[in-house]
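The next block holds one structure in the form of structure tokens; read it before the comments.
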Amino acid sequence: MRFLLRRLPVVLILAGTQLLLAQQESSAPPAVNFTAEQDQQNMMEQLGIKALRPGPSGNENAPNHANYEESKANPYPHVPDPLTLNDGEKVTTAQMWWEKRRPEIVEMYSKYVYGFVPRNVPKVKWTVRAVDREMIGFTPVIAKDLVGVVDNSSYPAISVKMHMTLVTPANAKSPVPVLIMFGPAGFPNPNEPRGDDLEQINDAMKKLLLQQDPSLAQVFANHPAWEPFNASPLFQVPQLNADGDPPNQWELAAAGWGFALFDPASVQADNGAGLTRGIIGLVNRGQPRTPEDWGALRAWAWGAGRALDYLETDPAVDAKHVGIDGVSRYGKAALVTMAFDPRFSMVLVGSSGKGGATLLRRNFGEAVESLTGGEYYWMAGNFMKYGASDASFGSMNPGDIPVDANELIALCAPRLTFISYGIPEKGDAKWLDHEGSFMATVDASRVFALLGTKGLESFGDYRTAKMPAVNEGPVGGELAWRQHDGGHTDAPNMKWFIQWANKSMGYTPQQ
Ligand code: GCU
């Protein structure tokens, strides 16, 4: 009795907490089910926007097609200066960059462009689901399929399970550099049953078939060499893509690198209707975003950061040399990842365009109005202001954005940053504005130089710098540029990326 009495307050408190949790759970509002249009409209109302300027058409024959005339491409005389503080003071030392200017740019890019990662994002628990020994081209590898489950005890109606597959060379003598690649995850080349194992499966299969239809005995007798299943050839001939290059995975494995396939869709859906689901929806307990909340690009980048958390615990991985790679919208996501998470030591930014490495102030191809229109969910809600034609604050245009892509690239300094494009003739559309990315890269070089590394500063002023020829380079240093002669892919630049990164890391695989 005395024991019980002494424990009573504790018991009561515990019971109370349980009750509170149960109440919270039952009072949790159901997740909002907006269409993308409704979600966008909701954000416009929050921002006081009545109308958005429509984005241009990508079809060059359409009357409202995007501008492709270089003479009209630079309506704003200057981009914001990465090396001037918001109060006008010039940044002259590395210390000023780290302590003052970089935090200013991070804050502005979060607030006005990609959104903030909320402070209360729940923890992720990674589990290895299965391990497979496979071949990637001619390289034996170990492939681990992983799931990263986000703690959803705050809102059990939404679950987020991130999917990643880590592939490392089986014969590596020491931890290897790893490139995380945005895209579908899963075992790249599952190890198939062969020899006795395959025979056992085929025997069982034939027995099953005979049970189903005993008259098959005659068919089997007529075709004694036939087996239900055959093994695929052990070695594949190199599969060259349309640009004549082996797949990225083959090149990385052959060079003694690891790679991780990381599925962005397992973090956040690639559409506006999904914003009340996925990691963004989980943190908001199924409710719509507020204007400074993260968009899909920042959420994908956050996911890549959690992938790196796992890689830091895996002894096969040299976690000091983990890179991030993506093409197109995932090229934007790769640049955002690198810019905000300083643990990433390198990035390959493939054909990223507006919202990636291309200057937002440029009027060429994809426009800010594309990013505030159908693509609004990649960005923070706040970003829509710059496409507003009629709003409580009047109207705004790209020249009002407090930051630009030269500063986004500068956030990657002094780390290894490779900006990659292909050519329009092969499908890397003019829409992407290669020139605008080159200008941003040239201007960002001043920050790399300030931090003691090298970019494209020898090209001079970004407004007059001449783009290098196709297939030249990589030009630059730690910040590098190369336009290959292939299409909307980074594959033709992968070998250049590997050589360039190896040189800088001093990496020679000991196999
Ligand atoms: C569209 C979009 C681009 C994007 C691309 C893609 O072209 O406008 O921003 O990069 O799709 O991801 O395929």
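Sequential numbering from 1 along the given sequence is applied to the chain's residues. In each ligand, atom 1 is the first atom listed, and ligand 1 is the first ligand listed.
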Taking atom 3 (C) of ligand 1 as the point of reference, which of H488, K354, E366 owns the nearest heavy atom?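 Considering heavy atoms of H488, K354, E366, the nearest to atom 3 (C) of ligand 1 sits in E366.
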Could you list which atoms of ligand 1 come closer than 4.0 Å to a heavy atom of R329?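 So the answer, numbered in order with elements, is 5 (C), 6 (C), 10 (O), 11 (O), 12 (O), 13 (O).
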Using a 4.0 Å cut-off to any heavy atom of S328, which atoms of ligand 1 qualify?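 Per the distance check, 4 (C), 5 (C), 6 (C), 10 (O), 12 (O), 13 (O).
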Quickly, which of E435, E69, E70 forms a salt bridge (charged side-chain N to carboxylate O under 4.0 Å, His left out) with R362? Name it, please.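 Only one option passes, and that is E70.
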Salt bridge or not for [X] and [Y], using N-O below 4.0 Å?
| X | Y | value |
| --- | --- | --- |
| D309 | R343 | yes |
| K144 | D314 | yes |
| R329 | E375 | no |
| K466 | E472 | no |

Do any N/O atoms on [X] end up under 3.5 angstrom from N/O atoms on ligand 1?
| X | value |
| --- | --- |
| S351 | no |
| W431 | yes |
| S352 | no |

Just need the protein heavy atom nearest to atom 8 (O) of ligand 1, so name the residue and atom and give the distance.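 Checking every protein heavy atom, the shortest distance to atom 8 (O) of ligand 1 gives E375 OE2, 2.5 Å.
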Can W378 be said to touch ligand 1, with heavy atoms closer than 4.0 Å?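 Yes, W378 has heavy atoms under 4.0 Å from ligand 1.
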For ligand 1, is there an atom lying under 4.0 Å from some heavy atom of K332?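 In this structure, K332 qualifies as a contact of ligand 1 - some heavy atom is under 4.0 Å.
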Distance under 6.0 Å and angle within 45° of ring axis: R415 vs F344: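 Cation-pi check for R415 and F344: fails.
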Applying the side-chain contact (heavy atoms from CB on, under 4.5 Å) test to F182, which of D325, D263, V327, I324 qualifies?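 Answer after filtering D325, D263, V327, I324: I324.
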